[in-house]
Amino acid sequence: MQAVEAREDRDEVAERTCIVTRTVHDADELIRFVRAPDGLVAPDIRRRLPGRGVWVKAERRLVAQAVEKRLFSRSFKAEARVPDDLADQTGTLLRDAALSLLALANKAGLAVTGFEKVAEAARKGRIAALVEASDAAPDGRRKLAAAVTAAGLAPPVVEVFDAAQMGLAFGLPGVVHAAVAEGGLARSFLAAARRFERYSR
C-alpha cells in the first residue's frame, strides 16, 4: 500500500480530487498539502515533500473552507493540526514562489526595470512578459502599454505584485515597471504569477 501511495503522489500524476468540492482537476490546478509526523499540515507548493498528500483547488476561499470544516483530519484519516491562517500561509508561499522566479530572471540578465528600459526592450522585441506594480499610477501604466503596443507587441501583463514586493525581487527599494525576456524562466514566472492571481481572487 505504501508503494502505491508513493507512486500516486508523484508529480507525474495528471489529476486529483479536491477535498472540498470533490471535483477532479489537473494537478496544476490544485495545491498539495502534507501532514508532518507531528500532525502539522503544511502546503507543498512544489509537490516535493514526502508522504501522502491531499489536494485542494488553488483558491483561497476553498483552502479556508477546508480549515473551517476540518476536512484535513478527515482526508488524512488522522488527527491533523491545521494553522488558522493556513489560507494566508499558502497565498504567501505562492506569491514568493513567483517572485523568486522574477528574481532569477533578473540575476540571469533576462529582466529589466524602469519605464525607459522596458520601452527600449519592447522596441527591440525582447519582452515576453510585462510586470506592472499593482499600485502603479494608472497614467504611467497607460503610457507604457502604449509604448509596448507601438512596438508591435502584446505581451501578457502581470499586475498582482505591489512596488515593494517587486522591489524585493530586484533588490531595489521599489519597482513599478519591469519586463522579462523570452525563455523558460519567463514561462515559469508567468505560470507561477497566474497561479497566485487565481488563488487570490
query: Is any NZ, NE, NH1 or NH2 atom of the basic residue among Asp44 and Arg47 found under 4.0 Å from an Asp or Glu carboxylate oxygen of the other?
result: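 No, Asp44 and Arg47 are not salt-bridged.
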- prompt: Does Arg123 come within less than 4.0 Å of Glu120, counting only side-chain N to carboxylate O?
  reply: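 Salt bridge between Arg123 and Glu120, a charged N being under 4.0 Å from a carboxylate O: yes.
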If I take atom [atom1] from residue [X] and atom [atom2] from residue [Y], how far apart are they, to the nearest 0.5 angstrom?
X: Arg48; Y: Arg32; atom1: CZ; atom2: CZ; value: 12.0 Å
X: Asp96; Y: Phe196; atom1: CG; atom2: CZ; value: 8.5 Å
X: Arg198; Y: Leu94; atom1: CZ; atom2: CG; value: 10.0 Å
X: Leu101; Y: Phe189; atom1: CG; atom2: CZ; value: 8.0 Å
X: Gln165; Y: Ser134; atom1: CD; atom2: OG; value: 7.0 Å
X: Leu102; Y: Met166; atom1: CG; atom2: CE; value: 6.5 Å

Residue pair [X] / [Y]: nearest heavy atoms and the distance that separates them:
X: Ala80; Y: Arg35; answer: CA-NE, 4.3 Å
X: Ala163; Y: Ala133; answer: N-CB, 3.6 Å
X: Leu62; Y: Lys57; answer: CD1-CB, 3.6 Å
X: Ala87; Y: Ala64; answer: CB-N, 4.1 Å
X: Ala193; Y: Ala98; answer: N-CB, 3.8 Å
X: Leu190; Y: Pro156; answer: CD1-CG, 3.6 Å

What I'd like to find out is whether the side chain of [X] reaches to under 4.5 Å of the side chain of [Y], using heavy atoms alone.
X: Arg22; Y: Ile19; answer: yes
X: Arg16; Y: Val54; answer: no
X: Thr17; Y: Trp55; answer: no

Joint hydrophobic cluster, [X] plus [Y], side-chain heavy atoms closer than 4.5 Å:
X: Phe170; Y: Leu99; value: yes
X: Val41; Y: Leu93; value: yes
X: Leu168; Y: Phe161; value: no
X: Leu49; Y: Phe33; value: no
X: Val176; Y: Val160; value: no

Using a 6.0 Å cut-off, check whether atom [atom1] of [X] has over 12 heavy atoms from anything other than its own residue.
X: Gln89; atom1: CD; answer: yes
X: Asp26; atom1: CG; answer: yes
X: Arg70; atom1: CZ; answer: no
X: Arg126; atom1: CZ; answer: no

query: Is the backbone of Arg95 close enough, under 3.5 Å, to the side chain of Tyr199 for a donor and an acceptor to pair up by distance?
result: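 No.
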- prompt: Looking only at atom types and distance, does a side-chain atom of Arg195 sit under 3.5 Å from a main-chain N or O of Leu30, one as donor and one as acceptor?
  reply: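 Yes, because the side chain of Arg195 sits within donor-acceptor range (under 3.5 Å) of the backbone of Leu30.
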All pairs passing side chain to side chain donor-acceptor pair (under 3.5 Å) where residues 105-115 contributes a residue, at least two apart: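 Checked against side chain to side chain donor-acceptor pair (under 3.5 Å) - neighbours excluded - no pair reaches residues 105-115.
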- prompt: After noting the C-alpha distance and the side-chain angles of Val20 and Leu71, does the key distance pass the side-chain contact (heavy atoms from CB on, under 4.5 Å) rule?
  reply: CA-CA 7 Å; Val20 180; Leu71 297 181; 3.9 Å; yes
- prompt: What's the verdict on side-chain contact (heavy atoms from CB on, under 4.5 Å) for Glu182 and Arg187, showing C-alpha distance, side-chain angles and the deciding distance?
  reply: CA-CA 8 Å; Glu182 182 61 63; Arg187 291 189 291 274; 3.0 Å; yes
No-hydrogen, no-angle side-chain donor-acceptor test under 3.5 Å, Glu15 and His25: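 Absent: no donor and acceptor within the cut-off.
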- prompt: What residues join Leu130 in its hydrophobic cluster, counting side-chain heavy atom gaps under 4.5 Å, either direct or through other members?
  reply: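 Members other than Leu130 - counting any ILVMFWY side chain reachable under 4.5 Å - are Val112, Phe115, Val118, Ile127, Leu144, Val148, Leu153, Val157.
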